[in-house]
Amino acid sequence: MILTVIRTGGFAGLTKQGELDTAEQPDADRLEAAAHALATKDLGSGRPQPDRYVYRLEVRDARDADATQHTVAEQDVDPTTAWLFDRILSR
């Protein structure tokens, strides 16, 4: 599974992007479970607030597959989703 996160906004309005292939990770099951869980979570309004981040997660089963997208405002990020985004953005 290919996971891509694009973080926009924040005080400086900077964009940061990261990508992770779960096949290359020792905790692939945990990463994939966290990504799949976003489809069933109620993560709030999704409305960005001033000077806060907005995250867009793209989930693909393969490099050329269509992506499923999830958009999450910073104030709506739960601990599991924060861990997932941090893992991807630290790559």
Side-chain angles (χ1 to χ4, degrees):
M1 177 180 288
I2 311 299
L3 304 174
T4 304
V5 170
I6 302 170
R7 184 184 73 193
T8 58
F11 181 71
L14 302 176
T15 298
K16 184 172 183 177
Q17 181 172 339
E19 184 173 277
L20 184 73
D21 184 344
T22 61
E24 301 169 355
Q25 302 302 312
D27 57 350
D29 291 341
R30 183 177 177 202
L31 289 161
E32 291 174 9
H36 284 301
L38 280 174
T40 61
K41 289 184 180 181
D42 178 12
L43 291 175
S45 66
R47 291 182 174 163
Q49 294 179 347
D51 298 331
R52 299 198 74 181
Y53 294 121
V54 174
Y55 298 88
R56 188 176 79 222
L57 173 67
E58 295 179 358
V59 180
R60 293 182 307 248
D61 289 325
R63 285 259 176 233
D64 297 324
D66 290 336
T68 301
Q69 295 187 8
H70 305 280
T71 301
V72 184
E74 180 181 8
Q75 72 273 8
D76 298 326
V77 174
D78 65 14
T80 301
T81 305
W83 170 81
L84 176 66
F85 292 165
D86 287 343
R87 278 292 307 277
I88 298 168
L89 289 172
S90 67
R91 303 285 302 155

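On a predicted model such as this, the values are computed, not experimentally measured, just so you know.
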Of all pairs that satisfy salt bridge (Lys or Arg N to Asp or Glu O under 4.0 Å), the ones with a partner from residues 24-36, not counting sequence neighbours: D27-R87
Contact list for residues 1-12, test salt bridge (Lys or Arg N to Asp or Glu O under 4.0 Å), sequence neighbours left out: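 Those involving residues 1-12 do not exist here.
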What distance separates [X] [atom1] from [Y] [atom2], expressed to the nearest 0.5 Å?
{"X": "L89", "Y": "L3", "atom1": "CG", "atom2": "CG", "value": "11.0 Å"}
{"X": "Q49", "Y": "E74", "atom1": "CD", "atom2": "CD", "value": "8.5 Å"}
{"X": "L57", "Y": "I6", "atom1": "CG", "atom2": "CD1", "value": "10.0 Å"}
{"X": "H36", "Y": "T68", "atom1": "NE2", "atom2": "OG1", "value": "9.0 Å"}
{"X": "L38", "Y": "D78", "atom1": "CG", "atom2": "CG", "value": "7.5 Å"}

Check: S90 side chain, D86 main-chain N or O, donor-acceptor pair, under 3.5 Å: yes
Report, one line per pair, each donor and acceptor closer than 3.5 Å where one atom sits in a side chain of residues 8-19; sequence neighbours left out.
from : atom 1 : to  : atom 2 : distance (Å)
E19  : OE1    : T4  : OG1    : 3.0
E19  : OE1    : R60 : NH2    : 3.2
E19  : OE2    : R63 : NH1    : 2.7

Same apolar cluster: M1 and L20, side chain cutoff 4.5 Å: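 M1 clusters together with L20.
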Taking every non-hydrogen atom, the tightest pair across A34 and T80: CB-CG2, 3.8 Å
Sequence neighbours excluded - ring-ring contact (aromatic ring centres under 6.0 Å, His included) pairs with any residue from residues 48-91: Y55-F85
